[in-house]
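Structure first, commentary second.
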2 protein chains.
Amino acid sequence: MRLRKFSWARQRIYFLKRNDDNCVLIFEKDSMQITQLNIPKGMIDFGIGQPAISLLPTDILRQAAEHRLKQGDPSILQYGTEPGNGYFRLVLSEFLSDGYRIPVSADQLFITSGATQGLNLICTYFTSPGDTIFVEEPSYFLALHLFKDRHLKVVGLPVDEDGLIIEVLEEKLNEHKPVFLYSIPTFHNPSTVTLSADRREKLVSLSEKYHFFIVADEVYQLLAYTVTPPPPMMAYDNTGTVLSLGSFSKILAPGLRLGWIQAAPFLFKRLTQSGLLLSGGGLNPFTSGIVQSVLELNLLENHLEHLKKIYRERSSNLSTALSEYLPPGVNFSEPQGGFFIWLRLPEKFDVESFRSRAREQNVDFQPGNNFSSKQRLRNYIRLSFSYYDVGELRKGVSRLASVLKTG
Amino acid sequence: MRLRKFSWARQRIYFLKRNDDNCVLIFEKDSMQITQLNIPKGMIDFGIGQPAISLLPTDILRQAAEHRLKQGDPSILQYGTEPGNGYFRLVLSEFLSDGYRIPVSADQLFITSGATQGLNLICTYFTSPGDTIFVEEPSYFLALHLFKDRHLKVVGLPVDEDGLIIEVLEEKLNEHKPVFLYSIPTFHNPSTVTLSADRREKLVSLSEKYHFFIVADEVYQLLAYTVTPPPPMMAYDNTGTVLSLGSFSKILAPGLRLGWIQAAPFLFKRLTQSGLLLSGGGLNPFTSGIVQSVLELNLLENHLEHLKKIYRERSSNLSTALSEYLPPGVNFSEPQGGFFIWLRLPEKFDVESFRSRAREQNVDFQPGNNFSSKQRLRNYIRLSFSYYDVGELRKGVSRLASVLKTG
């Protein structure tokens, strides 16, 4: 038979597999990837902000899928109601009420395919290209990427050890009219700081006075290791200015693509009455059904305790190793939760050239300037401790230290 | 304890459920909905373009989930590679090569959370607000809704019994510069017509000459009952002007939120290099893993044959009932595939006033004007035969006929 020639396919290397007499499959040799990760052999990459593969609970998902699917209820296979399955939202609201230590109601929850999709939906239905938004400086680098894709004008605001500096925010509000502030209030990515309770109240007051939304990325809220953080931003909401992004990615499994937006219910109309939701229905009904069983069978509490124990050990050991190995002039705060340590190096340090040398020594990380909306922060490094075990973390730090010393 | 007062929550009716001493849950009484459907008791609603709940294969999903999750492979729980799991794409490409009767390669497939999300992604990464796009007149009403949400300028083009009229398209291309044409080439929703092979070739030639994309919504391609339609639009693609939307919603289960875009691989860069994909990873890795097992266990072929048998019977019985009951002056073509029948009534007919009377008689449908980008088609009615069994379809037609007669 004739192999169809696609003109765009000419210069590629394929392997051909004969399916039957009528069909030939074409596939690029290196495309059989399953996960996002493609780490060079031998590299310790502190840049990976993902859970270790060994922390992904296949057994929990197997039990939950069996529990849900043996009930023979086809409703989770149908187009789901736009805000998400009501029973799942009720069970999730109970789980969050416990974890957040505030009352969370089911009708405050809109089910998403993860925090990033929640943020993307908010960009689509709350902003137009050219609108101004505020972010923290530093901020999550892929959120900055997403805002750039959406042609939003990004204004970065400084943080200190108590999070976003409210006085600077108020000054900037006299210059700009942002649609929203994108904030990571608890165990900030990458700076690890947590916004104080006092500043949370002031922030919400300002959002009411100046009419902007607070999009709070709170995916690390339930990963507290050594402190109890203030409750999430919705605890301070009075008039519906807060939209909180939550996710099962950090506390259960990223591959589920399951998360939520918590907000005043009237705000969800922009989403639930969109063509996207009316046509496709709720965003992840099948997986919601399975995770409903994870919650109903009380499988998440123990798993979350296990994760916190592991991450606490990793965080503490990474901190110890950094203190041991790294030369003076490198500063950081030991994290109280989340996935990261944020290293501050002397002002003259250039992270990009350092990174080239580090990679030659089989160690990598996220350079600080990736987290800057202003091309700054070239003397910062983000290290993640979520992916590697304690031994690997220590080995990575020793490599980093040796490159620093030869610099 | 104190029940937190949300000011936006004041005038609602709640039921309160005591969780433990620290927490009170608040929930609206009527929010426990699972699926999108909320049909008034006794109503036969021909407007529902969803599979019947009895056609949703819980047992297939149970078997597939067990097969996938007992393997204990955690990779489907991790952030997935941006275009989707390579092994799933390979298995899907084999399935589509058979079903489409053209070679489909895995690197032509980008995994989505359903056809609507695919369309939404294309709007985000290929258009800007204010851009012009072309649609067929009529077109899928919720796609029109989605385009309106995205502030696109929509130009409607006429169809006849062979689909889009290519001569009119070419005329309009001299007046407008569309980013894309949104087309439903096979078993069109709502008009049921299929674009002829000859017109498919001409359409692709025009897309190359005038530099626009063809976004082909081909979700009914595999639901052919009485004919073999021409192969999907990608069979005619030469230079990467076609983006084909596919989905498991109509052939397996909508609640999975799993679909694909088939296109020249270089077009996927706009998606895979976006902040959305880089941050969240592939769009549905967990469900992809389970549906990979559906395909590997050969569970879909038989199910699809079963669906086609059921839908063929429903389509044929609905057609017969319409011919029997409806007065002269109501015309339609018996569908050859898909979910719909498109009734044409006399020019003076006003579908909205008719609909009010029909609903009083417990029968409902989608009025033609919903499918018009020009507020026209008020003498058309779309009936779906996917949701109800033969007895209910006949009962519904008898009700429609009696309202028509009293009109």
Side-chain angles (χ1 to χ4, degrees), chain A residues 4 7-8 19 23-28 31-36 50 53 56 58 61-62 65 69 72 74-81 85-86 93-94 97 103 105-107 113-114 116 120 142 145-146 149 238-240 253-257 264 266 274-276 278-281 284-286, chain B residues 4 7-8 19 23-28 31-36 50 53 56 58 61-62 65 69 72 74-81 85-86 93-94 97 103 105-107 113-114 116 120 142 145-146 149 238-240 253-257 264 266 274-276 278-281 284-286:
Chain A
R4 189 174 162 77
S7 60
W8 40 261
N19 188 26
C23 180
V24 171
L25 298 172
I26 315 166
F27 205 52
E28 277 187 274
S31 305
M32 300 305 285
Q33 212 174 316
I34 299 178
T35 73
Q36 266 189 320
Q50 305 189 2
I53 204 97
L56 298 172
T58 48
L61 271 305
R62 190 191 52 71
L69 293 167
S75 63
I76 63 167
L77 299 183
Q78 187 58 289
Y79 286 100
T81 186
N85 180 325
S93 73
E94 294 191 41
S97 297
S105 76
D107 63 354
S113 305
T116 302
N120 196 48
L142 292 173
H145 188 137
L146 194 154
D149 292 343
N238 299 302
T239 59
L256 299 170
R257 306 318 304 139
F266 72 85
S274 68
L276 176 67
L278 290 173
S279 176
N284 212 348
F286 175 70
Chain B
R4 188 174 163 76
S7 60
W8 41 259
N19 187 26
C23 181
V24 171
L25 299 172
I26 315 166
F27 206 52
E28 277 186 273
S31 306
M32 300 305 284
Q33 211 174 317
I34 300 178
T35 72
Q36 267 188 319
Q50 304 189 1
I53 205 97
L56 297 171
T58 48
L61 271 307
R62 191 192 51 69
L69 293 166
S75 63
I76 63 167
L77 299 182
Q78 185 60 288
Y79 287 101
T81 186
N85 181 325
S93 73
E94 295 191 41
S97 296
S105 77
D107 63 354
S113 305
T116 301
N120 196 48
L142 292 173
H145 189 137
L146 194 154
D149 293 345
N238 300 301
T239 59
L256 299 170
R257 306 318 304 139
F266 72 85
S274 68
L276 176 67
L278 290 173
S279 177
N284 213 348
F286 174 70

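Here is the naming used below: chain letters follow the sequence lines, and residue numbers restart at 1 for every chain.
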Does a side-chain heavy-atom distance below 4.5 Å link A:Leu276 with B:Thr116? yes
Part of B:Asn284 lying under 4.5 Å from any heavy atom of chain A: both
For A:Gln50, what residues pass the side chain to side chain donor-acceptor pair (under 3.5 Å) criterion, not counting sequence neighbours? A:Gln36
Whatever's closer than 4.5 Å to a heavy atom in chain A on B:Arg257 counts as side chain
Taking A:Ala65, A:Ser113, A:Gly114, A:Ser75 one by one, which has the highest count of heavy-atom pairs under 4.5 Å against chain B? A:Ser75
What distance separates A:Ser279 OG from B:Asn120 CG, expressed to the nearest 0.5 Å? 10.0 Å
How long is the straight-line distance from CG of A:Leu56 back to CD of B:Gln78, given to the nearest 0.5 Å? 5.0 Å
Kindly compute the distance separating CG (B:Asn85) from CD (A:Gln33), expressed to the nearest 0.5 Å. 10.0 Å
When B:Ile53, B:Thr35, B:Leu61 are each screened for side-chain contact (heavy atoms from CB on, under 4.5 Å) with A:Pro74, the one that passes is B:Ile53
Counting heavy-atom pairs under 4.5 angstrom with chain A, the leader among B:Leu146, B:Asp149, B:Ile76 is B:Asp149
